[in-house]
Amino acid sequence: MSLIDNLQWRYATKKYDSSLKVNETDVQKIVEAARLAPTSSGLQQFRVLVISNQTIKDKLVEVSFGQEIVKDCSHLLVFASWEKYTEDLIDNAADFSTDVRELPRGQFSSYTEKLKRVLLSQSIEENFSHTAKQAYIGMAMSIAQAAELKIDATPMEGFENDKVDEILDLKSKGLKSVLMLPIGYRDMENDWNANLKKVRIPMEEFAIEIK
Ligand SMILES: Cc1cc2nc3c(=O)[nH]c(=O)nc-3n(C[C@H](O)[C@H](O)[C@H](O)COP(=O)(O)O)c2cc1C
């Protein structure tokens with residue numbers, strides 16, 4: 001099946017079969033897709049927490065407006081981004097990049113310095129808004145990879161970010177939660193959303209051609 005067919009197959013699953021678990025190889029592939037996502041200036045401003053611990057998933061339901069998909073899923077991925085930019089984070093990313101490419105450190109320092117001037121002059125809110133956007137790109141990649149593996153996934157913004165950050169102790173890592181992605185297998189009989197038609201505006205309306 002093509003990617004498009006698999007994107008037609010997927011839907012925001014509302015009820016997971018809690019007895020079915022995704023195997024670790026497939027979980028790794030879904031996380032790998034996020035790791036391979038492009039990010040602004042290649043800074044990889046987000047991390048993915050991979051949660052299979054039932055006690056923690058149960059706790060997270062309470063701060064996710066009772067959405068049971070958080071506890072019934074096989075694994076819960078939490079996408080969390082840098083709370084703000086710092087000189088160290090940007091320098092470390094630049095050094096990591098030149099090291100991997102076996103180039104001298106500082107090779108791209110004029111770009112890195114320009115980047116620091118822009119990002120470090122912004123407010124913390126502007127910084128987080130930018131780092132959070134990167135997490136959305138990663139999550140989209142994970143959703144597509146999950147669909148390719150015929151694994152269900154539900155993108156989620158419906159949770160209390162501060163409380164999730166506290167439960168997962170994200171502050172100590174310089175991170176803030178952005179998104180959740182429960183993954184697992186749909187409970188066909190009990191998911192009201194399983195057999196509903198996909199709703200998307202027509203292509204003619206969606207794609208605005210400028211020739
Ligand atoms: C950023 C984002 C946040 C979402 N948050 C939630 C959520 O908290 N709970 C939920 O059940 N669905 C959530 N959804 C699912 C959307 O409602 C769903 O993707 C949309 O209606 C399109 O339907 P489809 O994914 O089944 O094609 C979210 C989707 C996105 C992209």
Side-chain angles (χ1 to χ4, degrees), residues 1-18 20 22 30-31 33-35 37-40 45-51 56-83 125 128-168 170 175-207:
M1 267 179 119
S2 73
L3 175 61
I4 297 294
D5 289 333
N6 287 323
L7 293 178
Q8 291 281 6
W9 169 85
R10 68 146 296 278
Y11 73 106
T13 303
K14 304 291 181 185
K15 179 81 184 154
Y16 283 89
D17 182 336
S18 59
L20 300 176
V22 178
I30 292 166
V31 178
R35 192 178 72 98
T39 52
S40 180
Q45 297 93 330
F46 68 94
R47 300 290 179 267
V48 180
L49 288 92
V50 183
I51 303 170
I56 295 180
K57 288 195 288 172
D58 289 344
K59 251 191 204 171
L60 290 170
V61 174
E62 292 165 25
V63 294
S64 305
F65 309 108
Q67 297 193 70
E68 296 196 341
I69 48 178
V70 169
K71 70 170 175 60
D72 292 339
C73 65
S74 164
H75 292 68
L76 178 70
L77 308 187
V78 176
F79 290 72
S81 293
W82 295 347
E83 59 182 349
E125 290 76 20
F128 181 62
S129 160
H130 189 242
T131 64
K133 283 175 188 162
Q134 318 309 316
Y136 282 81
I137 304 170
M139 188 185 72
M141 295 285 184
S142 286
I143 292 171
Q145 174 61 88
E148 294 268 77
L149 296 166
K150 290 288 193 292
I151 292 167
D152 290 300
T154 314
M156 274 185 64
E157 277 178 326
F159 58 89
E160 296 174 81
N161 301 65
D162 289 349
K163 291 185 181 162
V164 168
D165 296 356
E166 217 175 288
I167 292 168
L168 300 176
L170 294 182
L175 297 170
K176 281 167 70 148
S177 58
V178 178
L179 292 154
M180 285 184 184
L181 187 68
I183 59 171
Y185 296 97
R186 59 188 72 171
D187 177 348
M188 279 298 275
E189 280 174 23
N190 296 303
D191 188 345
W192 58 265
N193 205 20
N195 292 313
L196 295 179
K197 266 183 129 174
K198 189 167 282 296
V199 179
R200 294 295 189 267
I201 56 170
M203 181 60 94
E204 310 81 74
E205 192 181 334
F206 180 73

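One-based numbering, in listed order, for ligands and for the atoms of each.
Between A153 and I183, the shortest heavy-atom contact is CB-CG2, 3.9 Å. Residues F65 and G158 come closest through the heavy atom pair CD1-O, 3.3 Å. When all heavy atoms of R47 and W82 are compared, the pair lying nearest together is NH2-NE1, 4.0 Å. Contact between D187 and Y16 at its shortest, heavy atoms only, is CB-C, 3.8 Å. Annotation for R10 and A147: closest pair CB-CB, 4.1 Å, computed over non-hydrogen atoms. Across all their heavy atoms, F159 and S64 have their closest contact at CB-OG, 3.6 Å.
One option in A194, G158, A12, A140 has a heavy atom closer to atom 19 (O) of ligand 1 than any other, and that option is A12. If you check each of S64, A153, P155 against atom 13 (C) of ligand 1, the one with the closest non-hydrogen atom is P155. Comparing K14, E157, R10 by heavy-atom distance to atom 17 (O) of ligand 1, the nearest is K14.
Of the N or O atoms in T154, none lie within a sub-3.5 Å distance of an N or O in ligand 1.
Annotation: cation-pi geometry satisfied between K150 and W9 (NZ/CZ under 6.0 angstrom from ring centroid, within 45° of ring axis).
Applying the 4.0 Å criterion to heavy atoms of Y11 picks out, from ligand 1, the atoms 26 (O).
With a 4.0 Å heavy-atom cut-off, ligand 1 is reached by the side chain of Q67 but not by its N, CA, C or O. Residue K197 does not touch ligand 1, judged by heavy-atom distances below 4.0 Å.
Exactly one residue among V164, V78, L76, L77 makes a side chain to side chain contact (heavy atoms under 4.5 Å, CB included) with L49. That residue is V78.
Remark: distances from the non-hydrogen atoms of R200 to ligand 1 include one below 4.0 Å.
Protein heavy atoms are found inside the 4.0 Å sphere centred on atom 7 (C) of ligand 1. Closer than 4.0 Å to atom 21 (O) of ligand 1 lies none of the heavy atoms of the protein.
Ranking protein heavy atoms by distance to atom 27 (O) of ligand 1, first place goes to K198 NZ, 2.6 Å.
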